[in-house]
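Scroll down for the structure; my scribbles are underneath it.
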Amino acid sequence: MKIATFNINGIRARIETLTGWLAEAQPDVVVLQEIKTQDEAFPHEPIADLGYNIATHGQKSFNGVAILSKYPLEDMMRGLPGDGSDEQARYIEATVVGERAVRIAGLYLPNGNPQPGPKFDYKLAWMERLRNHARSLRDSELPVVMMGDYNVIPEPRDAAHPEKWRDDALFQPESRAAFRRILNDGWVDAIRLRHPDSLRGPFTFWDYQAGAWQRDNGIRIDHILLSPQAADLLVDLGIDRDERAKDKPSDHVPVWAVLEA
DNA sequence: ATGGTCGCTAAGCGA
């Protein structure tokens with residue numbers, strides 16, 4: 001089972017970019033972030049034509065997440081538990097059954113800028129809710145994958161120029177500590193597992209501005225977290241960097257893993 | 001030090 005996460009930065013502006021990548025990469029399951037549309041305006045047809053079932057959790061203009069799957073989507077859940085007043089569409093979860101059942105969570109963690117301020121407070125509160133929910137997922141003892149745009153740079157080596165991110169919400173000690181707390185509850189950072197000795201990178205995001213891609217001025221903020229039972233099934237992992245050089249790219253690239261499932 | 005680039009939606013916000 002090949003699973004992937006892709007912050008698409010506007011599904012309607014990016015539909016041809018997405019379908020081109022889907023046809024080439026042939027993932028079985030994809031979680032999308034920043035679809036930036038309500039459910040009614042999501043372009044189902046070109047994606048369904050490639051053999052995918054689709055579940056969306058959209059919002060007008062901003063945020064919005066989705067799951068695409070060649071397997072049926074079971075036990076759908078929309079929204080992150082823990083705050084009934086939170087109206088931002090940032091979380092979706094479903095079970096897919098290939099050779100075995102895998103619980104898939106797709107998330108778009110709040111950016112949190114500017115910090116300090118209410119947006120940063122919301123980010124940290126959201127991370128605490130995610131940790132709580134992640135613990136219950138972990139306790140299921142099923143293979144679980146929690147992937148998406150975490151908007152957290154875990155370590156200095158996850159940025160080309162970490163000093164430039166010193167005052168940014170993505171690199172604050174509080175953000176990094178909250179991310180670490182989730183990992184320490186028993187989750188595996190699959191990219192880092194596969195690149196243990198890299199002194200710089202790999203990256204998953206390059207800003208549109210100031211020639212960031214051309215200068216390889218990137219950061220690693222899209223993450224695939226595996227429960228222990230999912231980590232046992234990991235057989236391959238990749239980052240489709242080449243997507244960033246194509247026409248009309250997202251500022252993020254797809255990250256994928258192959259599970260023996 | 002500033003602006004730089006996108007998407008969404010129609011001037012400015014979010015990233």
Presence of A:Lys36 side-chain N/O under 4.0 Å of B:dC6 phosphate oxygens OP1/OP2: no
Atom-to-atom span, NZ of A:Lys246 to C1' of B:dC6 - whole angstrom: 20 Å
Interatomic distance, A:Ile15 CD1 vs B:dG7 C1' [rounded to whole Å]: 15 Å
Residue mapping more 5' on DNA chain B - nearest nucleotide basis, A:Gly10 or A:Tyr208: A:Tyr208
Aromatic plane relationship, A:His223 with A:Phe179 - under 30° parallel, 30 to 60° tilted, over 60° perpendicular: tilted
Among B:dG7, B:dA15, B:dG4, the nucleotide that comes nearest once only the side chain of A:Asn9 is considered: B:dG7
A:His133-A:Glu93 side chain donor-acceptor pair, cut-off 3.5 Å: yes
Sugar-phosphate only, base, or nothing, as touched by A:Tyr108 at under 4.0 Å among non-hydrogen atoms: sugar-phosphate
Side-chain N or O of A:Arg12 closer than 4.0 Å to phosphate OP1/OP2 of B:dG7: no
Separation of atom CD in A:Gln209 from atom C1' in B:dA15, rounded to whole Å: 9 Å
d(CD, A:Gln33; C1', B:dA15) in whole Å: 14 Å
Pair A:Tyr208, A:Asn9: side-chain N/O donor-acceptor within cut-off below 3.5 Å: yes
Rounded distance (Å) that lies between atom C1' of B:dC8 and atom CD of A:Glu40: 16 Å
